[in-house]
Amino acid sequence: MTYLVDDLGEPVPLSGPASRVVSLVPSLTEAVAVSAPGRLAGATDYCTHPSTLDVPRVGGSKYPKLDRVLDLAPDLVLANAEENRPEDVERLRANGIPVWVMAAAASVPAALGSLRRILTQAYELDEPEWLVEAEEVWREVRPVRFHAVVPVWRKPWIVLGRDTFAGDVLRRVGVANVYATAEERYPRPDIEELRARFKADADLLVLPDEPYLFTEEDGPDHFPDARYVLVSGRHLTWYGPSLVEAHAALTASVPSGP
């Protein structure tokens, strides 16, 4: 028996390298599918990458169908402290299923460090090439060119606040989040406060296509005359192999000058 601990310091008792894994986190699903092909036994309905992934589905990330997870008899379940409910994790553990909970990473290096531990410890893999490449391309923190408001939901409005992975991603390509010093990680200002804050402190509106699908017709219309960019939510919020391409894609999405 191999006794590991997850990001929260909880034990993850494995009898050997993980070989039947259910992932409840889309970006972890992609990381495992690319790095350890054939070892995924199940994933959520929202695990859309790789596009060719063909495994049983276990419902949503926040409300997975735990009976279906248990029926798959995994030797490990991957979860995230921000996305998955503690009571679901505890039920799986009570049924004898080891669960590795990844912390809600506040930066790109933290996320990549967590991924390295999962892949090299739980899977006993060599360090994947994509992880090394992602660390290299994201190492630099570029000078600030824009100050942005970054909504991630509407009805109600929710924006990126302090200590978020997506905020660090943007900061590394030269976009500072004006809510980065907020008390909450995901503040919920009403639209009038949001417009006032944008007018006072921001010169760019960043609108991802997930988790809320912002479009040309839904998002910019609430901020008349604001400069905005539409970006891939996967590039902004997923930690995994997509980080390699995300750097160039987000850099290209950000305007070249004020």
Side-chain angles (χ1 to χ4, degrees), residues 7 23-34 43-51 53 60-62 64 78-85 101-116 118 130-131 134-135 137-138 141 146 148-180 182 184-188 204-215 218-219 228-254:
D7 286 358
S23 173
L24 304 181
V25 188
S27 52
L28 289 180
T29 300
E30 183 179 29
V32 171
V34 170
T44 73
D45 298 341
Y46 299 103
C47 294
T48 56
H49 289 79
S51 59
L53 185 66
S61 297
K62 289 190 180 296
L78 298 177
N80 179 275
E82 190 168 69
E83 292 298 318
N84 303 113
R85 300 183 303 169
V101 180
M102 182 178 179
S107 69
V108 175
L112 291 174
S114 290
L115 285 167
R116 175 181 285 103
I118 291 172
W130 65 260
L131 198 154
E135 283 187 325
V137 298
W138 286 99
V141 180
F146 291 96
V149 166
V150 191
V152 293
W153 198 259
R154 193 170 81 73
K155 306 176 186 179
W157 287 93
I158 303 176
V159 300
L160 290 185
R162 63 169 180 83
D163 300 333
T164 63
F165 172 82
D168 188 58
V169 163
L170 287 172
R171 180 62 191 84
R172 287 170 187 270
V173 298
V175 179
N177 173 19
V178 300
Y179 277 93
E184 305 88 8
R185 297 184 72 235
Y186 295 98
R188 299 187 175 206
L204 186 68
L205 182 69
V206 177
L207 298 169
D209 60 8
E210 63 173 77
Y212 185 89
L213 177 57
F214 288 104
T215 66
D218 185 1
Y228 69 90
V229 292
L230 299 173
V231 301
S232 162
R234 177 166 168 257
H235 287 156
L236 186 62
T237 63
W238 284 39
Y239 33 79
S242 61
L243 278 172
V244 175
E245 65 188 54
H247 192 282
L250 290 171
T251 298
S253 296
V254 176

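The figures that follow rest on heavy atoms only: side chains count, while hydrogens, waters and symmetry mates do not. Because the structure is a prediction, the values reported are computed rather than measured.
Separating the CZ atom in F146 from the CG atom in N177 is a distance of 15.0 Å, to the nearest 0.5 Å. Between the OG atom in S253 and the CG atom in L207 there is a gap of 11.5 Å [rounded to 0.5 Å]. Separating the OG1 atom in T237 from the CD atom in E210 is a distance of 5.0 Å, to the nearest 0.5 Å. Here the CG-CG distance, from L236 to L160, works out to 6.5 Å after rounding to the nearest 0.5 Å. Annotation: the span from R154 atom CZ to D218 atom CG amounts to 4.0 Å, rounded to 0.5 Å. In this structure, C47 SG and E30 CD are separated by 10.0 Å, a value rounded to the nearest 0.5 Å.
Scanning all heavy atoms of the two residues, the minimum distance from L24 to P64 falls at CD2-CB, 4.1 Å. Shown here for A104 and E82, the closest heavy-atom pair between the two residues is CB-CB, 3.8 Å. R185 approaches D163 most closely through the heavy-atom pair NH2-O, 3.0 Å.
For R188, the CZ atom sits in a loose shell: 12 or fewer heavy atoms of surrounding residues, nucleotides or ligands are nearer than 6.0 Å. No more than 12 heavy-atom neighbours from other residues, nucleotides or ligands sit within 6.0 angstrom of OH on Y46.
Between H247 and W138, the angle of the ring planes goes over 60°, which puts this pair in the perpendicular group of the 30/60° scheme.
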One pair to check against side chain to side chain contact (heavy atoms under 4.5 Å, CB included): R171 and V141. What are the steps and the verdict? CA-CA 7 Å; R171 180 62 191 84; V141 180; 3.6 Å; yes
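In this structure the side chain of L115 reaches within 4.5 angstrom of the side chain of L28, judged on heavy atoms. No side-chain heavy atom of T44 sits less than 4.5 Å from a side-chain heavy atom of T29. Residues W238 and P26 form a side-chain contact, since some pair of their non-hydrogen atoms from C-beta on lies under 4.5 Å apart. Looking at V25 and N84, their side chains come closer than 4.5 Å, going by heavy atoms from C-beta outward. Contact of the Y239 side chain with the N80 side chain is registered, since non-hydrogen atoms from C-beta on lie closer than 4.5 Å. Residues V169 and V108 have side chains in contact (heavy-atom distance under 4.5 Å, counting atoms from C-beta outward). At a threshold of 4.5 Å between non-hydrogen side-chain atoms, the residues V149 and Y179 count as touching. Residues P208 and V231 meet the side-chain proximity criterion, which asks for heavy atoms closer than 4.5 Å.
Of the charged side-chain nitrogens involved, at least one lies within less than 4.0 Å of a carboxylate oxygen, so that K62 and E83 count as a salt-bridged pair.
Remark: of the listed residues L204, V175, T164, V175 is the sole one forming a side-chain contact (heavy atoms from CB on, under 4.5 Å) with L170.
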